[in-house]
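So you know, we letter chains A, B, ... as the sequences are listed, proteins then strands, and number each from 1.
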Amino acid sequence: MGYRYLDHRADMGLEAENKTLEGLFQEAAAGLFGLMVNLDEVRARKSRNMNLKADNAENLLYRWLSELVSLRDLHNELYGDFAELVINGDNSELELEATVKGEKINPEIHELGTEVKGITYQGFELAKENENWRCRFVVDV
Amino acid sequence: MNEPKYDLRKIDEYTWEVPKTGTMNVPGRLFVDEETARELVDEARSGADWNALDQVINVASLPGIVKASLGLPDIHPGYGFPIGGVAAFDPEDGVAVAGGVGFDINCGVRLLKTPLSVEEVEKSREEIASSLFETVPAGLGSEGEIDLSVEEINQVLKEGGRFAVERGYGLESDLEFVEEGGRIDGANPEDVSRRAKQRQFKQIGTLGSGNHYLEVQKVDEIYDYQAADAYGIDEGQVVISIHTGSRALGHQIGQDYLEKLEDASEKYGLPIAEKELVSAPVDSPEGRQYMSAVRCGINCAFANRQAISGLTRRALKGAIGLEPESVRTIYEVGHNTAKFETHEVEGEKKELLVHRKGSTRAFGPGRQELPSSYRQVGGPLLVGGTMGTSSYVLRGSREAMQRTFGSGVHGAGRAMSRKKAKSKFWGEDVEKRLNTEGITVKTHSYPGLAEEAPGAYKDVEKVVNAAHRSGLTPKVAKLKPLIVIKG
C-alpha cells in the first residue's frame with residue numbers, strides 16, 4: 001500500500017498501490033502533491049469539489065490527476081487531503097465524486113518542490129493484480 | 001533484437017541514416033557523434049520501451065512527412081516525439097502532431113545584453129541577485145503582478161509580446177529581436193479552453209520552476225567574431241538569459257489537445273504508435289484548430305518572456321540604478337514549436353509545417369524572418385546549459401537550411417533521473433559548490449535545486465561541439481553564469 005517514486009530519465013515516475021480503486025486514486029494524488037510539497041505541511045483550509053466521468057478506470061485516473069494539476073493553478077493551492085472520494089459505476093461508465101482539501105501556496109510555511117506541468121501517457125498503467133489495484137505514471141515537470 | 005531498422009548507415013562523422021523500413025514513409029537522420037549513435041542503437045536493441053530511436057522511426061511513419069525524421073545532437077526520448085527531434089510535413093497530406101510541440105509550447109530563451117562589466121556586477125553581486133530574485137516571480141505558486149481577465153488573456157494570445165510592451169514591460173525595440181516579432185498570426189483564442197485561460201490569470205511574468213531559470217552571465221569566449229559583431233556580443237560583456245515558456249496555459253493546451261487529437265487520429269485513421277504521438281491532418285478542422293491553439297501558446301510565451309524582460313530591467317534599476325533603456329535584446333528563440341515555413345525541397349520552394357520539439361530554429365544567412373542586422377550571418381540560437389555550466393550562442397547556417405529545415409540544438413538533456421539527483425545531491429550543497437565557483441544562486445526550492453544539479457545533466461559542451469563540428473550550427477560565443485535565479 002502507498003506510493004513511491006520511480007526513476008525516470010527526464011521527469012518523475014510514480015507508482016501507487018491500494019486495495020480499493022478509491023484508495024489507489026488517493027495514493028496517486030498524494031504522490032503527485034508529494035512532489036510539490038511536504039504533505040504534512042498542507043492544512044485542510046479550503047475544499048474543492050470535483051465530479052469527473054470516464055469510460056474506464058485508466059482514463060478516470062488520468063483525468064483525476066490532470067484535474068488536480070489544473071485546480072492547483074486555478075486557485076494557487078496545494079492539496080493534501082483526498083479522503084472524501086467515491087467512484088461509482090461499472091467499467092464502461094465510471095463517475096468520480098471527490099472533495100479535496102488544502103490551502104493557498106505559501107513559501108513561508110510550505111517546503112516547495114518542483115511544479116508539475118502535466119500528466120503524461122508515457123507508460124501510464126492501471127491494473128488489478130493479486131487483489132490490489134496498482135498504477136504507474138510519469139509527470140512532466 | 002537484431003532488426004534491420006536499427007542498422008544505422010554512417011554518412012559522415014556526424015550524420016547517420018536510419019533506413020526506411022516497415023511503416024516508415026521516409027528514412028531517419030541523426031546528427032550525432034559515433035558514441036551517441038551507438039548508445040541510441042543499443043538502447044533500442046535492448047528493447048527499452050521508451051527510446052529515442054524508435055520515436056524517430058515512429059515519427060517517420062506519420063503521413064506527409066518530408067525528406068526525413070530528424071534527430072539533433074541532443075536527442076533523447078520525449079513524449080511520443082523525441083526531444084531534439086524535428087519533422088516537417090506537407091500541408092496537403094501531412095499532419096500536425098501533438099507530441100511534436102508538447103506541454104510547454106514555445107518554451108525558449110531571451111538573451112538581453114547590459115552595458116555592465118563583470119567588475120560592476122562583482123561590486124554589487126548580492127544586490128543584483130536579491131533584486132532579481134524579489135522582482136521576478138519564480139517557483140511553484142508564484143503569482144505575477146499582472147492580473148488578467150479572460151478578455152485580457154485573449155489579447156495576450158493574439159498580441160504576444162506586444163501586449164506586454166503596451167503594458168509597460170520592456171521596449172518596443174525588443175520585439176524586433178524576437179522570433180516573429182514577438183507575435184505570430186493565426187492565433188484564435190476561441191480555440192483555447194476557458195480552463196487554460198483561467199490557469200494563466202496570474203502567470204504572465206512568472207518564471208516557473210523545473211529547468212527554467214534567469215541567469216546573469218558573462219561572455220566568456222567568442223568563437224565567431226563576425227557573427228558576434230552582428231549580434232552585438234563582446235567578450236567580457238554581461239548578458240542575461242531568461243529561460244521559460246507559456247506556463248500553465250501552454251500546459252493546458254497540450255493536455256486538452258491530446259484528447260482532441262486522439263479522436264482525430266482515430267477519425268482519420270492515423271497511426272498512434274504512442275499515445276502522445278496523436279495527430280490530425282494539417283488540412284482538417286481539427287488540424288487547423290490545433291495549430292491555432294499552438295499559436296496562442298506561442299504568443300503567450302512571447303508575452304511571458306517580454307514581461308520578465310521588463311521586470312529584469314526594473315530589478316537592475318532598483319539594485320544599481322541601471323537605466324532600463326540600456327538593456328537591449330540580443331534575441332529570443334523558442335524550442336517547442338510547430339510553424340509554417342518555406343523550405344527548399346528537391347530544388348523547389350515549398351511551404352511546410354515544421355515541428356521542433358526541443359529544437360531551436362537555426363535559419364541561415366538571407367532568411368527574411370531574421371532581424372535585418374543578423375541576415376548576413378544567420379540567426380542566433382540560444383542554447384541553455386545547466387546552473388554550473390556554460391550556455392552558448394550558436395548561429396544558423398546554409399547547411400542547417402539544407403539538412404535540418406533550419407533547426408539546431410536547444411540544450412543538454414538530463415543524464416540522471418530527478419529521483420536519483422535528489423538522493424545524490426543536497427540543494428544546500430549544490431548551492432555551496434556553485435558559490436565556490438563564483439556563481440550566486442537564489443532559489444525558492446532546495447529540492448528543486450538538487451534535481452537541477454549540474455551533475456544531473458549531460459555535458460552541454462559535448463552537444464554543442466557535435467552541433468558545431470557537424471557544420472549545422474557553428475559556435476559564436478560561450479556564456480558563463482555569475483548569478484542564477486531558479487524557481
Residue among B:Tyr79, B:Tyr446, B:Phe103 with most heavy-atom pairs under 4.5 Å to chain A =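 Ranked by contacts with chain A, first place is B:Tyr79.
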Out of B:Arg247, B:Arg199, B:His251, which one racks up the most heavy-atom pairs below 4.5 Å with chain A?
->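 So the answer, after comparing B:Arg247, B:Arg199, B:His251, is B:Arg199.
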Given a strict heavy-atom distance threshold of 4.5 Å, which part of [X] is in contact with chain B: side chain, backbone, both, or neither?
X       : answer
A:Leu78 : side chain
A:Glu77 : neither
A:Arg4  : neither

Below 4.5 Å from any heavy atom of chain A, which atoms of B:Lys202 appear? Answer side chain, backbone, both or neither.
->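 The answer is neither part of B:Lys202.
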Is it the case that B:Ser193 and B:Gln252 place a side-chain donor and acceptor less than 3.5 Å from each other?
->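 No pair is found: no donor N or O on one side chain lies under 3.5 Å from an acceptor on the other.
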Could you walk me through whether B:Asn211 and B:His243 pass the side-chain hydrogen bond (donor to acceptor under 3.5 Å, both in side chains) check?
-> CA-CA 8 Å; B:Asn211 63 356; B:His243 176 211; 4.6 Å; no
I need the residue from [options] with the largest number of non-hydrogen atom pairs under 4.5 Å to chain B.
options                                : value
A:Leu71, A:Val138, A:Asp140, A:Asn59   : A:Asp140
A:Asp7, A:Ile119, A:Asn106             : A:Asp7
A:Val141, A:Leu112, A:Thr120, A:Thr114 : A:Thr120
A:Arg72, A:His75, A:Met36, A:Lys117    : A:Lys117

Would A:Tyr121 and A:Tyr62 count as a close aromatic pair, with their ring centres under 6.0 Å?
->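 Yes - the distance between ring centres of A:Tyr121 and A:Tyr62 falls below the 6.0 Å cut-off.
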